[in-house]
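Working notes, beginning with the structure itself.
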Amino acid sequence: MLCANIAVNGEGRLTFAGQDTTLLAQKFGTPLYLLDEDRIRENCRAYTQAFSRLFPAGSKVLYASKANAFRRIYGIVQEEGLGVDVVSGGEIYTAKAAGFDLKNAYFHGNNKTDDEICLAMDCGVGTFVVDGEDELSAVAAEAARRGIRQKILLRITPGIDPHTYEAVATGKVDSKFGVAIETGQAAELTKAALALPSVELYGFHCHVGSQVFGEDVFERGVAVMLEFMAEMREKLGFTAAALDLGGGFGVRYDEGDPLLDVGRKLESVSAVLHETCARLGYPVPAFLMEPGRAIVADAGLTLYTVGSVERITGYKNYVSVDGGMTDNPRYALYGALHTVLPAGKMNEARLLRCDVVGKCCESGDVIRPAADLPESTSRGDLLAVCTTGAYNYSMASNYNRVPRPPIVLLSGGRATLAVRRETPEDLIQFDQ
Ligand SMILES: *Cc1c(COP(=O)(O)O)cnc(C)c1O
């Protein structure tokens with residue numbers, strides 16, 4: 001199976017986190033986001049345990065909360081000892097409402113508005129990840145006005161192509177994020193930050209991309225960043241206390257995808273960190289990473305009910321479900337392939353090759369092209385789409401005025417509603 005939390009019971013029905021998906025669908029309705037809380041905690045621990053073994057004091061794992069943000073999840077990752085990466089006023093507000101200690105929050109984004117900068121300072125967000133010259137001035141001015149010294153990291157583009165989808169490759173020189181080492185702008189920004197008394201430069205950040213499996217992408221990232229840091233020490237006399245390598249570890253969406261061992265990968269990254277620091281005579285900085293997908297993706301599974309099944313003889317078959325790009329836009333955005341399973345008929349042969357599509361008025365509303373389902377698939381059947389914990393709910397929309405599904409958290413055999421289903425009244429609540 002794709003992940004250890006997916007299995008089949010004696011009645012040939014799919015179980016997720018040990019619970020019968022058919023019963024969950026009956027209780028909560030479809031479409032339905034399930035999130036395996038125990039798996040989220042295991043994924044957090046894979047990082048935190050490796051971090052305490054491999055990196056110096058002050059190192060920290062931050063959950064990139066854009067992957068899936070709702071109140072309860074901030075509490076879960078906080079209990080596991082993680083900090084968070086937030087990218088908007090909305091995420092800051094949600095984290096605060098969850099009782100998250102925002103000292104442990106890192107505020108990202110390539111265009112933080114003045115209002116968001118103020119909100120973040122009001123809430124005591126610990127660290128700003130400053131994206132460029134213009135933002136540095138804005139953050140420094142607001143901090144000066146308040147008479148505080150705001151801790152910051154500078155976001156640098158190391159010029160590494162992670163060979164992933166273009167839309168999630170963020171570390172290249174021409175990226176909209178951060179400032180490049182290659183153009184000299186990263187050095188200029190460092191110099192500017194050091195000259196401002198209202199900011200405290202803590203270190204540097206980079207994020208090369210998402211869903212990355214490349215052999216040595218992260219190792220090269222560490223080496224390039226350390227070379228840059230050594231150069232800043234030589235030129236400006238500044239020694240950074242922290243290096244934040246961003247997120248991006250790839251996860252398995254398909255049986256054919258590789259399985260990335262987080263502990264082993266972090267050992268290799270740690271080795272490069274320590275070797276490069278030794279070679280450059282640089283004190284080993286506190287090390288930060290910001291996994292999003294790797295924490296929540298395989299903790300998620302979406303249940304749908306099949307509606308119409310259309311067979312275009314000699315061409316193609318379509319199986320339509322009661323959700324679509326509104327709750328899972330990942331195929332439409334990136335061509336991402338999720339595994340689809342016939343949740344109620346797991347023991348039947350899968351001989352119907354079909355596109356699983358949503359109910360939206362868009363031909364691009366595809367959940368999974370060329371899926372294999374039982375020949376008997378028909379209206380009322382339950383389908384499960386796997387690995388939907390990341391970038392599904394957080395990217396969901398109300399296109400076609402489709403209400404968003406609820407999120408049910410599964411833990412220790414219990415199922416609790418974490419986000420309720422939207423209603424038609426919710427859809428018109430802002431209409432004047
Ligand atoms: C998106 C993003 C992450 C998380 O990426 P994942 O692929 O979900 O791990 C971390 N840091 C930054 C700055 C990001 O933009």
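Starting from 1, each residue takes its place in the sequence as its number. Each ligand, and each atom within it, is numbered from 1 in the order the structure gives.
- Counting atoms of ligand 1 from 1 in the listed order, those under 4.0 Å from a heavy atom of D85 are 10 (C), 11 (N), 12 (C).
- Within 6.0 Å of atom CZ in R252, more than 12 heavy atoms from other residues, nucleotides or ligands are found, so the atom counts as buried in its surroundings.
- Remark: ligand 1 atoms within the under-4.0 Å shell around heavy atoms of H108 are 13 (C).
- The distance from ligand 1 to the heavy atoms of Y391 drops below 4.0 Å at these ligand atoms: 1 (C), 4 (C), 5 (O), 6 (P), 8 (O).
- Here atom 4 (C) of ligand 1 lies nearest to A64 when heavy atoms of P291, S210, A294, A64 are compared.
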Kindly indicate, with the supporting measurements, whether the criterion side-chain contact (heavy atoms from CB on, under 4.5 Å) is fulfilled by V269 and F287.
-> CA-CA 10 Å; V269 168; F287 188 69; 3.7 Å; yes
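- Atom CD of Q429 has more than 12 neighbouring heavy atoms from other residues, nucleotides or ligands inside a 6.0 Å radius.
- Between A120 and F128, the shortest heavy-atom distance links the atoms CB-CZ, 3.5 Å.
- Listed by atom number, the atoms of ligand 1 under 4.0 Å from R293 heavy atoms are 6 (P), 7 (O), 8 (O), 9 (O).
- The number of heavy atoms from other shown groups lying within 6.0 Å of CD (E267) is above 12.
- The local environment of NZ in K151 is crowded, with over 12 non-hydrogen atoms from other residues, nucleotides or ligands closer than 6.0 Å.
- Evaluated for a side-chain contact (heavy atoms from CB on, under 4.5 Å) with Y63, the options D85, N43, I73, I40 yield exactly one hit, I73.
- Checking R155, H205, H207 against atom 3 (C) of ligand 1, the nearest heavy atom belongs to H207.
- If you look at F177 next to ligand 1, there are no close heavy atoms at all, none under 4.0 Å.
- Judged by the shortest distance from any of its heavy atoms, G248 lies inside the 4.0 Å radius around the atoms of ligand 1.
- If you check each of Q211, E290, K66 against atom 2 (C) of ligand 1, the one with the closest non-hydrogen atom is K66.
- No more than 12 heavy atoms of other residues, nucleotides or ligands sit less than 6.0 Å from atom NZ of K359.
- Of all atoms in ligand 1, listed by their number and element, those nearer than 4.0 Å to a heavy atom of G247 are 9 (O), 10 (C), 11 (N).
- With a 4.0 Å cut-off on non-hydrogen atoms, V87 does not touch ligand 1 at all.
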